Every structure is written in C-alpha cells, then in structure tokens.
Amino acid sequence: MTSTWIEPASTATALLLLGRGTDPASERGVDCPGDLPAPSDPDLVARATAAKAALGDRVFVLGHHYQRDEVIQFADVTGDSFKLAQQAAARPDAEFILFCGVHFMAESADILTTPDQKVILPDLAAGCSMADMAVLGQVETAWERFEDLGITGEIVPVTYMNSSADIKGFVGRNKGVVCTSSNAKRALDWSFEQGSKVFFLPDQHLGRNTAVLEMGFDLDDCVLYDPHKPGGGLTDDQLRNARMILWRGHCSVHGRFTLESVREVRERVPGVNVLVHPECRHEVVRAADYVGSTEYIIKALDAAEPGSSWAVGTELNLVRRMALAHPDKQIMFLDRAVCYCSTMNRIDLPHLVWALEELVAGRVPNQITVDPDTAHHARVALDQMLALP
Ligand code: 13P
Ligand code: SF4
C-alpha cells in the first residue's frame, strides 16, 4: 500500500539541519574536532557498518525516537528518554555508550553507568533549548526566595529529565525526583506524598498538563516562576498559596503547535484523531483526543485501526517514520510547516561515522562526564525516579 504521508512545507530553520562545523549561536557552540566525512560520501553506511562491527560488544548505540532515520538504523535500542536511561543503566558490560540523542540524555547515561564506561555524544552541539532555560544559579536564587518565605519544608523539587545534570543534582540534594513524560504523574503522586507543594523544572507545560489534566488540580493552583523577573514575578501570597510552582521553560518544538492547528486539521480531515505530546501548550493538549509520551504515541499509532486518521503533535522525524511504517493509516503532522528538533538533528550520519571510526582508532571522542559530586546527587534523584511504583 502507498503511504499517504505529505511532507510539511520547509521553513528557514530547516537550513540548520546539517549540524556541521562551528555554530556560535547554539547554546553550546562547540565545533566537532577532527575531520568529519562529507555528507555526500556514498560509503557512509558501509563505513558505519564496518566500524560498528569492528567494535562489536564494546559499543552500545542508543537512539532517541527523534533521531534521523539514517542514524536510527544503527541504534541497538531506540526509545524515549525514560527507556534510554533504563537501557544505559542495564548495559554495564559495554565499554562505550554511544548516545544518539541530546546532551542532557548523555549526562544522565554517564551518571547511571559505571565509572569505567564512557558515554559519547557524536556532536557536542546537540543540546536542548528547554534544558538551557533552567540554569543552576537561577534555580538556587528561586530556592533562596522560598527559604526566605519559610516554605521550603513543604516543597518537593521535581525536574523533568530534560534538564542539566546540575539541576538534577540540585533536586537530589533537596530530596526531590526526576521525571520523564512517561512517568510524570507517578512522580507527582510520590511528591505530593512527601510535601504539599511541587517546584517543577524546567517544562511549565508538562508540569501544568500533568497537574491539571491528570491529577485534578485547578489552573489557579499553578503559578509561573519567571527567572528573568525579580522574585520570579510572583508575590509572597502567590507562592504561599500555590500547589505547583512551575518554572518558565518550554520546548521550542512542541511549543509550535497551536489551538489553530488542531481546529484546522479537524476541519480538513473529518474524524481525525489528534494525538500530542504533553510538552505541548495546555490549550493544545486540552483540545487533543490523546496525550502521551513518545513511547505512548508510538504504541497508539501501532494499535490504531487501519483506515483511521491521525494528526500527531510531536517531532517530525518520529511522525514521518510512523507514517511510512503504517501506510494503511493516514498519519499526518499536526503543523503545516517543518518542525524538527534542530539539536536532535545535529547527530547525522557523518557525525556517527566519525565517532565510531575514532573509537576503532583507539581515541574516545566527545566523552560526556559529569563531576562526581553533581553525579552523586543527581543519581539520588534519578534512582528515586527509577524506583517509582
Ligand atoms: P520523551 O522522550 O520523554 O518523550 O521526551 C521528548 C523529548 O522532548 C525529548 O527531548
Ligand atoms: Fe529539547 Fe524539545 Fe528538542 Fe526535546 S524536542 S531535545 S525538549 S528542544
């Protein structure tokens, strides 16, 4: 059967996709040392296959669902950020964990693996704009404000996996927990057993959507702490009365889907099912038929009836892959324009070949290491997540 997939229109950001060379405007702005193979090299697939075979069990390749197909084909396991964290922890025999994903995921893998294992990110510029919206100094300033108000005893800090190791360390030091989009409700249930308030970092949307749509809180129970405003832009009473103190961060990819895109697709495709990730804005999630993590989205599309129609609000590489895998279902992108995660897309086949060949040559490229003190405290918060009922 022929697929009904229609590629969304290209946008200016699509020009950033190759991810080669120095990008001083990126949050990390790091060049790739050494010689990258040319993207036009016809032998890239053969070179990656040969290098991976030469390394054998010494290397284990993890691939996040938002990675390009050209990279995903070399992943030993694919998954969302929760599954990949579990998989990294479950591979103590692999000398090298090659992480095809973004920086915060590779940091978590380093924290969860043994000291002898080396975690490699094929392009150091593969950061995450959401993770960069919460910087440790800003978070400590917020916490000092809560201490001055005398409310820290009631607050449990919760950080989304999409945060730096520093932030996870802060959360571990303050008896909190990490969560991902597939266990946010369980993490919040646990947190509200420990205290009466949650300080949720850095994704306001995941925090709000989980609290309001899954746990029965009112929007008024949530306040938004803006690190760029004095005192977070909140009064003492707002902080004292809030149940959820949300950090003002968001995902630039999922933040692009709007209520208008939901209305437009419903008009255009009668009977369409709208399926979105909880990083989308609250009004979009409310207007959708289904909401869930990347793994949830994949399972929902796998299980969908042949002939059914789906408009999916998540990263484009994943939506396109699902559409091509299910030609008997009409799977379309919720936005009309291209919407890749440009940092995820920095990991391309040339970077993968380069990283694998460096390992074969006995050099360890782009190793991600978290300092031992931060790693210790971050691990407390990650282990708390892995132990959630
Ligand atoms: P999950 O992998 O937890 O679904 O998160 C999506 C995402 O944005 C990863 O960066
Ligand atoms: Fe970060 Fe959003 Fe990209 Fe995920 S999709 S890595 S949250 S910018």
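Source: prediction; values computed, not measured. Each ligand, and each atom within it, is numbered from 1 in the order the structure gives.
- Scanning Gly255, Cys251, Cys339, Ser252 for the heavy atom closest to atom 5 (S) of ligand 2 points to Cys251.
- Side-chain atoms of His64 and Ser81 form no donor-acceptor pair, as typed in the model, at a separation below 3.5 Å.
- A side-chain N or O of Trp310 and one of Ser308 form a donor-acceptor pair less than 3.5 Å apart.
- Residue-level proximity to ligand 1 for Asn162 is carried by the side chain, the only part with a heavy atom below 4.0 angstrom.
- Between Tyr225 and Phe200, every side-chain heavy-atom pair lies at or beyond the 4.5 Å cut-off.
- Residue contacts with ligand 1 include Met105, since one or more of its heavy atoms lies under 4.0 Å from the ligand.
- Only the side chain of His277 comes within 4.0 Å of ligand 1, counting heavy atoms alone; its backbone N, CA, C and O stay farther away.
- At a threshold of 2.8 Å, atom 1 (Fe) of ligand 2 has a backbone or side-chain N, O or S atom of Cys128 nearer than that distance.
- Heavy atoms of Tyr296 stay at 4.0 angstrom or farther from ligand 1.
- Of the possible donor and acceptor atoms, none in the side chain of Asp166 sits under 3.5 Å from a partner among the backbone N and O of Leu136.
- At a heavy-atom distance under 4.0 Å, only side-chain atoms of Glu279, from C-beta outward, approach ligand 2.
- Looking at Gln117 and Thr114, their side chains do bring a donor and an acceptor atom within 3.5 Å of each other.
- Here the shortest heavy-atom distance to atom 4 (Fe) of ligand 2, taken over Thr294, Val253, Thr314, Asn162, belongs to Asn162.
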